[in-house]
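Worksheet: the structure to be examined is printed underneath.
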Amino acid sequence: MQFKSMVVSNVELSPGYFRMRMTAPLDLLGALPGQFLMLKVSDAIDPLLRRPFGFFDVGTFSAEYAGGGTQCYCEILYKVVGKGTRKLAALHHGDLLDLLAPLGKGFDPGPGCEEKLLVGGGVGLAPLYYLAKVLVARGDKVRLFAGGRNRDDILCITEFERLGVESYVSTDDGTLGESGLVTQVLERHLRASGMRIFACGPTPMLKAVAVMAKKHAVPCQVSMEAYMACGVGACLGCVMKGANHSEETPDYRCVCKDGPVFDSFELQWS
Amino acid sequence: MQFKSMVVSNVELSPGYFRMRMTAPLDLLGALPGQFLMLKVSDAIDPLLRRPFGFFDVGTFSAEYAGGGTQCYCEILYKVVGKGTRKLAALHHGDLLDLLAPLGKGFDPGPGCEEKLLVGGGVGLAPLYYLAKVLVARGDKVRLFAGGRNRDDILCITEFERLGVESYVSTDDGTLGESGLVTQVLERHLRASGMRIFACGPTPMLKAVAVMAKKHAVPCQVSMEAYMACGVGACLGCVMKGANHSEETPDYRCVCKDGPVFDSFELQWS
Amino acid sequence: MQKPDMTVEVAGIKMRNPVMTASGTFGYGAEFADYLNLESIGAMITKGLSLKPKAGNPTPRIVETPGGMLNAIGLQNVGVDAFIAQKLPYLAKVDTPVIVNVYGNTLEEYGEVAARLDGLGGVAGIEVNISCPNVKQGGIVFGTDPQAAAEVVRLVRKSTSKPLIVKLSPNVTDVVSMARACADAGADALSLINTLTGMAIDLDRRRPILANVTGGLSGPAIKPVALRMVWQVAKSVQLPIIGIGGIMNGRDALEFMLAGASAVEVGTASFLDPSAAQTIAREMEQYLIDNGIASVASLIGALEV
Amino acid sequence: MQKPDMTVEVAGIKMRNPVMTASGTFGYGAEFADYLNLESIGAMITKGLSLKPKAGNPTPRIVETPGGMLNAIGLQNVGVDAFIAQKLPYLAKVDTPVIVNVYGNTLEEYGEVAARLDGLGGVAGIEVNISCPNVKQGGIVFGTDPQAAAEVVRLVRKSTSKPLIVKLSPNVTDVVSMARACADAGADALSLINTLTGMAIDLDRRRPILANVTGGLSGPAIKPVALRMVWQVAKSVQLPIIGIGGIMNGRDALEFMLAGASAVEVGTASFLDPSAAQTIAREMEQYLIDNGIASVASLIGALEV
Ligand SMILES: Cc1cc2nc3c(=O)[nH]c(=O)nc-3n(C[C@H](O)[C@H](O)[C@H](O)COP(=O)(O)OP(=O)(O)OC[C@H]3O[C@@H](n4cnc5c(N)ncnc54)[C@H](O)[C@@H]3O)c2cc1C
Ligand SMILES: Cc1cc2nc3c(=O)[nH]c(=O)nc-3n(C[C@H](O)[C@H](O)[C@H](O)COP(=O)(O)OP(=O)(O)OC[C@H]3O[C@@H](n4cnc5c(N)ncnc54)[C@H](O)[C@@H]3O)c2cc1C
Ligand SMILES: Cc1cc2nc3c(=O)[nH]c(=O)nc-3n(C[C@H](O)[C@H](O)[C@H](O)COP(=O)(O)O)c2cc1C
Ligand SMILES: Cc1cc2nc3c(=O)[nH]c(=O)nc-3n(C[C@H](O)[C@H](O)[C@H](O)COP(=O)(O)O)c2cc1C
Ligand code: FES
Ligand code: FES
């Protein structure tokens with residue numbers, strides 16, 4: 001869908017990290033965790049391209065300004081890194097945005113009997129929160145492994161805990177939770193069956209998780225990032241190498257259309 | 001000077017016409033009527049170039065938000081015509097702008113004994129208001145001839161009248177004041193000596209005024225507009241032909257540096 | 001007032017309005033079906049097609065620049081056979097002309113791809129890309145040397161009876177001589193411009209941002225260059241011209257028509273707004289209505305210089 | 001940390017930092033004295049100078065475009081004699097190298113203008129503009145044909161002992177062959193790029209906006225093209241390069257240095273902010289401090305490809 005959305009709120013959670021709520025048509029309630037949206041930050045040419053963000057949450061609220069009617073919303077959790085996100089951070093209630101959503105393929109939650117291990121860090125936690133919400137609602141057992149360089153990379157843990165998700169935090173410098181890599185903490189919980197990993201975060205972290213998942217033969221889905229222009233599979237700007245890619249037998253996947261969530265075994269990690 | 005300025009207020013006077021007050025350093029009190037400022041509407045690349053505007057007013061006020069201290073301001077009166085002015089119209093109290101001011105050469109008020117005839121229309125009235133204010137403060141006799149296609153082009157007449165300026169309004173369609181051209185009304189008041197004309201408005205109007213001033217041998221100054229890039233006489237983008245210009249003996253004047261106010265006899269009007 | 005006549009005809013291809021989608025920016029059409037009515041635009045041009053499937057360049061392949069973007073996709077495509085088997089059937093059902101953009105690594109390949117498409121229902125015409133800056137093997141020569149370009153065009157002309165559009169590169173000293181060479185070699189129409197070759201650098205990593213180092217610049221930034229070239233070529237060559245480059249709205253499109261274009265292609269704009277092509281056609285029509293202009297074709301080359 | 005070494009030397013001209021002001025965008029220097037410290041920048045390049053005073057083109061001469069601007073000033077200038085009499089004395093008092101940009105309507109004029117400036121105190125070097133797109137008489141040929149360019153450079157070389165910079169046009173198929181021709185003919189350094197030829201149209205009036213119809217595109221929009229050309233030339237030619245095109249801030253300037261430029265020229269940015277050249281030099285220094293880089297010269301050509 002393409003729709004005009006109104007900013008409901010846009011709050012700085014911790015320095016440089018913002019949570020923004022936008023209005024959406026009711027159809028967006030069908031959006032899957034892991035799918036994403038693309039928004040046009042400016043109607044001028046700067047910045048030119050849309051910016052992609054995962055869903056941090058999708059739901060409904062009673063919109064006071066709309067006379068208490070039920071209004072669908074979506075939320076993103078974003079980090080200010082460049083000119084687009086800088087402009088986003090300056091938006092206020094009432095500002096309008098143009099959205100494409102939902103885009104791409106989301107997480108496959110798998111059977112309910114499995115234990116769901118969510119692994120992420122920084123803004124990688126954003127789509128995992130929406131995933132956790134959906135999994136918890138289904139009654140699944142969910143654990144969160146949140147890692148980062150330091151405490152600033154660990155966001156919204158209380159939100160996860162409020163859902164009843166058990167959280168394991170680790171930081172490289174030990175400023176929050178255990179000191180060390182998130183994969184070390186994750187590995188202690190891994191068993192060969194009845195588990196499924198969902199990971200989102202910086203590519204090196206995803207790679208480490210993918211390698212570990214392979215070693216322990218645990219199914220693992222990763223949510224990837226790539227520079228995007230169109231978001232709909234048309235420009236071929238956002239591709240990644242599939243597991244069997246070679247110069248002779250090319251196997252590129254579009255992050256925007258075939259992903260952003262991939263089975264970690266499908267991708268080439270070298 | 002180049003300085004950062006804060007928007008104090010930005011009010012729509014009539015549909016599409018705005019009056020904006022901005023803070024300025026005290027030195028700006030030296031700005032002459034007819035001089036102008038250039039402001040950067042956006043810190044991004046769109047719009048890229050600065051936009052030029054005449055001074056509608058320059059003065060001081062007691063700034064409540066600055067603890068009642070005396071603050072210098074400048075004001076512009078502008079019409080929304082394109083993307084730069086559209087962006088300007090969206091500014092609020094507290095927004096920041098980058099200004100170059102004062103630029104160019106202002107009106108030469110001439111001796112006090114003369115009668116001052118101000119001729120303008122639309123936003124051309126803007127610099128004339130500041131001129132009227134200065135002339136009235138000197139004790140000069142000032143008359144305003146405001147013309148336009150219809151009533152929407154006649155702005156701020158009450159402001160002029162509040163200064164004690166006698167105003168003669170004419171519109172092409174007769175929706176305000178006399179029906180007809182401003183030059184017809186002006187001509188009725190012209191005498192060969194003891195008068196000085198100051199005109200600002202669309203080029204055809206200025207040309208008509210210049211021709212009439214010549215016919216009656218009345219000194220006449222006109223404030224011109226031109227596309228500008230630098231505003232300081234460096235790019236040579238804003239030139240006009242001087243009276244003696246020819247291909248062989250070129251005589252170009254910079255509107256930004258040699259103008260925007262010119263003696264009407266100096267320019268080529270063909 | 002009556003609705004204005006928005007139809008145009010280019011190289012025998014009749015279009016309901018002058019707005020076509022530019023190759024490489026509209027996938028194979030289906031990607032955009034959710035966002036606009038494919039039967040509301042003038043024509044669709046598909047992603048550049050080569051004889052064999054092509055992997056394209058390593059990533060990153062795109063980067064934003066001031067008022068534009070660079071791409072170095074490297075012509076990743078499914079190859080002509082897969083296109084015919086998998087993509088064309090969908091496109092053929094849409095009541096809008098489909099123009100297939102083709103590319104060859106060698107002179108011969110150009111001829112072969114064109115030959116495979118000849119006689120196929122659902123293919124309204126062929127746009128020959130002699131101007132892709134992002135592939136190494138000779139692409140540059142075909143697009144920048146009039147003789148080489150003429151050779152490609154002659155061969156493709158022999159290989160197909162379809163309407164033949166040749167797409168020109170802006171990375172040349174003299175676009176008019178390229179245009180003349182293609183016209184003389186048998187092109188039915190010319191489209192221009194393809195992207196300007198550019199580069200972006202990651203200062204902190206001290207590396208080019210694109211894996212391919214250089215890429216093609218598109219978007220609003222290039223519009224003045226595109227307008228100039230369209231105007232130059234339209235003045236000098238007696239073929240219909242399709243204008244391309246930074247078209248974002250109806251006014252931009254109409255400016256290209258004044259400069260001499262019979263139709264336009266919309267590229268980067270479809271990334272900013274997937275319904276751009278339809279919106280632009282609508283804005284053009286509205287401009288005609290607002291200004292009492294009866295037919296869009298009357299604006300072609302109507303610039304007063 | 002110690003202050004980094006910002007000095008560079010180009011064609012024997014020693015500069016306190018790599019930021020020069022581009023010809024035609026900084027007048028004759030004095031226009032900017034109120035807005036920045038002329039002794040804080042690397043060098044000043046003056047408006048293109050011809051033998052006789054030149055009226056330039058009719059107006060409008062400038063127009064804004066997406067992320068850039070077109071200009072068709074047409075080299076309005078006071079002529080070399082008036083420059084020496086009226087402008088140079090002021091400039092000579094400023095402790096910053098002054099480079100004089102020169103232009104000839106004919107081959108001979110190039111030689112004569114250069115000869116008049118030879119031996120003059122206060123002139124640190126000459127930048128030969130073989131690339132102005134806005135004048136009719138042959139300007140295009142000198143800037144787009146390697147032989148013609150080489151002829152100009154040889155003649156100017158003979159006419160002056162000053163450091164000789166040749167400014168290249170981007171409106172060519174192969175900028176490297178232009179660069180080589182100028183290098184072989186005796187240039188001490190190359191500066192690039194001049195403006196890209198473009199056009200803008202007033203849809204409602206159905207007329208070109210510029211009286212000259214076409215003009216030169218400058219500003220952020222052209223930066224990717226400029227970076228690419230600087231990189232191509234720096235790889236292939238053994239002369240110092242001065243990078244120009246859309247430089248708006250210190251990061252932009254440093255990107256050009258990574259691509260191979262020994263110094264940069266700031267053009268359009270001075271219109272947006274008359275203190276731009278000084279600000280950019282300061283931002284470059286700050287980047288070096290923040291990243292512990294001891295000398296700006298160490299970044300020249302440091303791009304890892
Ligand atoms: C599927 C997907 C989901 C994402 N979800 C989130 C999220 O939930 N929260 C969040 O903070 N960020 C998320 N990102 C990253 C986010 O898109 C970038 O941080 C953002 O585009 C940066 O824009 P900018 O203008 O501030 O930065 P700039 O560096 O100025 O952007 C320049 C260009 O690079 C692109 N770009 C820069 N960084 C990235 C990146 N990491 N990934 C993709 N493109 C990039 C921009 O889109 C733009 O085209 C996601 C990215 C993808 C692909
Ligand atoms: C010395 C001077 C004083 C002026 N004073 C006033 C004033 O007091 N009030 C007011 O409303 N307007 C004034 N103008 C005109 C004002 O500068 C333009 O209306 C404004 O720049 C339009 O910008 P835009 O982005 O909205 O329009 P766009 O059409 O989008 O602008 C595109 C480009 O054209 C230039 N441009 C467009 N119209 C004009 C114009 N009439 N004159 C000069 N450049 C133009 C813009 O500066 C910009 O570079 C003055 C112009 C000059 C030269
Ligand atoms: C991502 C991308 C891919 C492109 N692929 C092709 C292609 O395969 N064949 C081709 O002829 N042109 C290709 N182009 C060029 C466009 O068709 C068009 O000529 C160019 O982008 C300029 O138009 P625009 O400014 O409207 O985008 C591509 C452009 C982009 C941005
Ligand atoms: C208004 C204007 C006038 C110019 N005049 C000259 C000139 O006289 N000689 C010259 O060599 N280049 C001239 N140029 C080109 C600039 O020096 C520079 O090469 C070009 O603008 C690209 O740099 P930028 O993008 O930083 O502006 C002019 C550019 C502009 C915008
Ligand atoms: S962003 Fe265009 S194909 Fe993925
Ligand atoms: S605006 Fe640059 S010289 Fe007047």
Side-chain angles (χ1 to χ4, degrees), chain C residues 63 65-70 133 140 143-145 169-175 178 196-208 213-217 219-232 246 248 250-252 254-259 287 291 299 302-305, chain D residues 63 65-70 133 140 143-145 169-175 178 196-208 213-217 219-232 246 248 250-252 254-259 287 291 299 302-305:
Chain C
V63 57
T65 67
M69 64 176 281
L70 290 168
I140 290 298
T144 58
D145 176 59
S169 167
N171 301 296
V172 296
T173 306
D174 182 5
V175 71
M178 292 297 301
L196 281 161
T197 307
M199 180 172 174
I201 289 176
D202 182 330
L203 176 61
D204 299 321
R205 295 176 55 240
R206 298 194 189 180
R207 300 180 65 90
V213 182
T214 61
L217 183 63
I222 69 169
K223 190 186 127 193
V225 175
L227 263 183
R228 183 261 296 183
M229 290 191 166
V230 165
W231 177 71
Q232 284 182 320
M248 294 284 129
R251 294 184 68 91
D252 290 341
L254 291 168
E255 288 170 23
F256 274 87
M257 296 192 70
L258 288 183
Y287 183 87
N291 291 275
L299 294 178
L303 191 73
E304 293 157 30
V305 178
Chain D
V63 56
T65 67
M69 64 176 281
L70 290 167
I140 291 298
T144 57
D145 175 60
S169 169
N171 301 297
V172 296
T173 307
D174 181 5
V175 70
M178 290 299 300
L196 281 161
T197 307
M199 180 170 173
I201 288 175
D202 183 330
L203 175 60
D204 299 320
R205 295 175 56 241
R206 299 194 189 178
R207 299 178 65 90
V213 183
T214 61
L217 182 63
I222 70 170
K223 190 186 128 192
V225 176
L227 263 182
R228 183 261 296 183
M229 290 193 166
V230 165
W231 176 72
Q232 285 182 318
M248 293 285 129
R251 294 184 69 91
D252 290 341
L254 291 167
E255 288 170 24
F256 274 86
M257 295 192 70
L258 289 182
Y287 182 87
N291 291 275
L299 294 178
L303 190 74
E304 294 158 28
V305 179

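Here is how names work: the chains are called A, B, and so on, in the same order as the sequence lines, proteins then strands, and each is numbered from 1.
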Give the minimum heavy-atom separation between D:E255 and C:I201, together with the two atoms involved. O-CD1, 3.5 Å
Applying a strict 4.5 Å limit to non-hydrogen atoms, the region of C:L70 in contact with chain D is side chain
If you count heavy-atom pairs under 4.5 Å with chain C, which of D:L203, D:V172, D:T65 comes out on top? D:L203
Heavy-atom contact with chain D under 4.5 Å, split by part of C:Y287: side chain
Between C:P220, C:A302, C:G246, which shows the greatest number of heavy-atom pairs under 4.5 Å with chain D? C:P220
Are any of the side-chain heavy atoms of C:M229 and D:T197 separated by less than 4.5 Å? no
Checking C:V213 against chain D: side chain, backbone, both or neither under 4.5 Å from a heavy atom? side chain
Quick one: of C:A259, C:P66, C:G68, who has the most non-hydrogen atom pairs under 4.5 Å with chain D? C:P66
Which value, rounded to the nearest 0.5 Å, describes the distance between D:N171 atom CG and D:T144 atom OG1? 8.5 Å
Please classify the contact between C:I222 and chain D as side chain, backbone, both or neither, with a heavy-atom cut-off of under 4.5 Å. neither
Of the backbone (N, CA, C, O) and the side chain (C-beta and beyond), which part of C:A226 lies under 4.5 Å from a heavy atom of chain D, both, or neither? neither
Any donor-acceptor pair under 3.5 Å from C:T173 side chain to D:T173 backbone: yes
So which atom in C:L227 and which in D:M199 form the shortest heavy-atom distance, rounded to 0.1 Å? CD1-O, 3.6 Å
Hey, which of C:L303, C:L258, C:V225 has the most heavy atom pairs under 4.5 Å with chain D? C:L303
What one should report as the nearest heavy-atom pair of C:W231 and D:T214 is CZ3-CG2, 4.0 Å
Chain D heavy atoms under 4.5 Å from C:D204: which part of the residue, side chain, backbone, both or neither? both
Is there side-chain contact between D:P208 and C:V305, with heavy atoms separated by less than 4.5 Å? yes
Exercise: identify the closest heavy-atom pair between D:D252 and D:K223: OD1-NZ, 2.8 Å
Note: vs chain D, highest number of non-hydrogen pairs under 4.5 angstrom among C:L217, C:V63, C:D174 is C:L217
